[in-house]
Amino acid sequence: MTTLKPVKKENLSVRVYNELRNALIDGQYEPGERLIIGELAAELGVSITPVREAIFRLISEQGLEMQAATAVYVPFVNSARLWEIQQIRVQLEGLGAAEAAKKITPHQLDNLVSLQRDFLAHTASDPKRASYLNRKFHFSILEAAGMPTLRNTVESFWVITGPILKVFHIKTAGLNYSEDRHRHEAVLEALRARDPEAAARAIQDDLRWGGKIMIDWLIEREKEQAEEAAKTEAAPRATRK
């Protein structure tokens, strides 16, 4: 069950859109999960119409996909596309971290430290919460950078990759993180030192590490799917012989 919040009646389509979009970004849904319009409407406390409008908008942004007239799914991002998105994120979030190192306030830094502490406390026990906190950590850095266009651009990629990030946190839940080992700690150290180059390098190392795990998993999944498809295709031919 997700944690969608009921919305007020004014500007329903926009509010429903924002709620669903944030749920995708936060990794509240998994790749391949089907979304039922009626169930979403009931959970949000609205009629079907604004939910349908929001869903079509998210489909146009490739955050959702429609496989039949009423079958809406969270898409699986393939390895090639995720690789492309990761390359772009590495550059953009590196720039954001560098700018944040110049501009971050003590309050913003304290908030990042608190987010990281909370994140570490949930990595092994609550992948959904960990995914949400990871997103908050990255976006808090972009907020500190004071570059809204960059933040909005990066956010559009998170709509697409948020669900796969949830899978990432599920797959890495057994890792024994400690505060001096997790890659976010290097980011915090660079921000404390107000070192733009070190901050950019640290966030990029974090993205490359996580990206490799996700891409390798997708490549293996695609390989297994191809092998299964080949077996299925070969079975009728074997029957005919």
Side-chain angles (χ1 to χ4, degrees), residues 24-27 77 79 81-104 108-147 150-219:
L24 289 167
I25 291 172
D26 292 342
V77 179
S79 59
R81 186 156 190 230
L82 183 58
W83 181 89
E84 178 186 7
I85 289 173
Q86 285 296 108
Q87 303 313 302
I88 299 170
R89 280 188 59 200
V90 163
Q91 298 304 316
L92 293 182
E93 293 194 43
L95 173 60
E99 287 299 309
K102 303 173 189 176
K103 303 173 183 176
I104 195 165
Q108 289 172 325
L109 186 55
D110 288 344
N111 180 58
L112 281 170
V113 171
S114 178
L115 284 171
Q116 176 64 2
R117 187 182 301 115
D118 199 8
F119 169 74
L120 289 172
H122 288 87
T123 51
S125 60
D126 190 346
K128 181 183 287 189
R129 178 69 178 168
S131 182
Y132 167 77
L133 291 166
N134 178 67
R135 177 254 186 180
K136 289 285 288 183
F137 184 91
H138 282 262
F139 275 80
S140 293
I141 293 172
L142 296 178
E143 287 289 347
M147 302 177 72
L150 185 148
R151 184 191 185 282
N152 291 338
T153 302
V154 172
E155 188 174 84
S156 69
F157 292 123
W158 279 70
V159 174
I160 300 171
T161 60
I164 202 70
L165 282 167
K166 179 180 180 181
V167 174
F168 165 74
H169 287 293
I170 291 172
K171 289 181 67 64
T172 59
L175 293 181
N176 181 25
Y177 290 140
S178 62
E179 292 194 7
D180 62 345
R181 292 178 59 194
H182 192 273
R183 285 156 182 79
H184 286 176
E185 293 303 318
V187 179
L188 292 172
E189 289 172 5
L191 293 174
R192 287 191 193 97
R194 298 194 173 275
D195 186 333
E197 291 184 4
R201 186 167 55 251
I203 202 71
Q204 289 173 335
D205 286 346
D206 177 48
L207 290 171
R208 290 189 179 105
W209 173 74
K212 184 178 186 307
I213 292 175
M214 289 186 289
I215 291 168
D216 287 350
W217 174 73
L218 284 173
I219 289 173

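FYI, the numbering just counts along the sequence from 1.
- Using a 30° and 60° split on the angle between ring planes, Phe119 and His184 fall in the tilted class, from 30° to 60°.
- The two residues Gln204 and Val90 make their nearest non-hydrogen contact at NE2-O, 3.0 Å.
- Between Leu150 and Glu155 the shortest side-chain heavy-atom distance does not fall below 4.5 Å.
- Comment: Glu99 engages Lys102 in a salt bridge, judged by a side-chain N to carboxylate O separation of less than 4.0 angstrom.
- The closest donor-acceptor contact from the side chain of Lys103 to the backbone of Ala144 lies at 3.5 Å or more, if one exists at all.
- Inspection of the Asp206 and His138 side chains reveals an N or O donor paired with an N or O acceptor under 3.5 Å.
- Looking at Gln86, its side chain does come within 3.5 Å of a backbone N or O of Leu207 through a donor-acceptor pair.
- Proximity of Ile25 to Phe157: side-chain heavy atoms (C-beta onward) are nowhere separated by under 4.5 Å.
- For Asp26 and Arg135, the salt-bridge test passes: some basic side-chain N is under 4.0 Å from an acidic carboxylate O.
- Judged purely by atom type and a 3.5 angstrom limit, Ser140 uses its side chain to pair as donor or acceptor with the backbone of Lys136.
- The minimum heavy-atom distance between Ala130 and Thr123, with the atom names listed, is CB-CA, 4.0 Å.
- A donor-acceptor pair under 3.5 Å is formed between the side chain of Arg194 and the backbone N or O of Ile104.
- Nearest heavy-atom pair, Ala97 versus Ile141, reported as atom, atom and distance to 0.1 Å: CA-CG2, 3.8 Å.
- Contact record, Trp217 with Ile164: CZ3-CD1, 3.3 Å, taken as the closest heavy-atom pair.
- Few gaps surround CD on Gln87; more than 12 heavy atoms of other groups in view lie less than 6.0 Å from it.
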